[in-house]
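Please read the structure below before turning to the comments.
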Amino acid sequence: MPMRYGRPDFQLADALTKVSPEKQAKAKASSQDFEAMFLNSMFSQMTSGIKGEGPFGDTKSTGVWRSMLTDQYSKNFAKAGGIGISTDVYRTLILQQANRAG
């Protein structure tokens, strides 16, 4: 039984019976990608004012390295459960697909 805010989510449980496992997996992946994109934007803003240190110094290479690092951070955060955005996005996608299925 899926849970929402510590309680059983009967609406989502009913919707999951109307949506194929393939579409559920696709919705899960899409919701994680969305959260990773949001986190990447947030991490990029957090690190935009930091001057380079270490082996790269304050060069253009630092920006490239930092963008790749924030991309990996955001993907790993989203995969590990993130901050909860993907859960709500997944629920919304499944409910919409179940409504279309009738």
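Separating the OG atom in Ser74 from the CE atom in Met42 is a distance of 9.5 Å, to the nearest 0.5 Å. To the nearest 0.5 Å, the span separating OG1 on Thr70 from NZ on Lys75 amounts to 10.5 Å. To the nearest 0.5 Å, the span separating OG1 on Thr87 from CG on Asp9 amounts to 11.0 Å. From Leu16, atom CG reaches atom NZ of Lys23 across 13.5 Å, with rounding to the nearest 0.5 Å. Expressed to the nearest 0.5 Å, how far CZ of Arg7 lies from CE of Met1 amounts to 14.5 Å. Summarising the geometry, atom CD belonging to Gln72 is positioned 9.5 Å from atom CG belonging to Asn40; distances are rounded to the nearest 0.5 Å.
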query = Between Leu39 and Tyr73, does a side-chain contact (heavy atoms from CB on, under 4.5 Å) hold up when you go through it step by step?
reply = CA-CA 8 Å; Leu39 290 171; Tyr73 278 162; over 6 Å; no
Begin with the C-alpha distance, continue with both residues' side-chain angles, and end with the deciding distance and a verdict on side-chain contact (heavy atoms from CB on, under 4.5 Å) for Tyr90 and Gln32.
CA-CA 8 Å; Tyr90 174 74; Gln32 280 185 347; over 6 Å; no
As a quick check of understanding, evaluate side-chain contact (heavy atoms from CB on, under 4.5 Å) for Glu35 and Ile83, giving each step before the final call.
CA-CA 8 Å; Glu35 183 164 12; Ile83 57 175; 3.3 Å; yes
Query raised in the report: Taking it one step at a time, do Arg91 and Gln11 satisfy side chain to side chain donor-acceptor pair (under 3.5 Å)?
Result: CA-CA 9 Å; Arg91 183 177 190 277; Gln11 187 179 18; 3.0 Å; yes
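In the hydrophobic clustering of ILVMFWY residues, with side-chain heavy atoms under 4.5 Å counting as a link, Leu12 and Val89 come out apart. Both Leu69 and Met46 belong to a single network of hydrophobic side chains, linked directly or stepwise wherever heavy atoms of I, L, V, M, F, W or Y lie under 4.5 Å apart. In the hydrophobic clustering of ILVMFWY residues, with side-chain heavy atoms under 4.5 Å counting as a link, Met37 and Leu93 come out together.
Gln24 places no side-chain N or O within 3.5 Å of a backbone atom of Ile94 that could act as its donor or acceptor partner.
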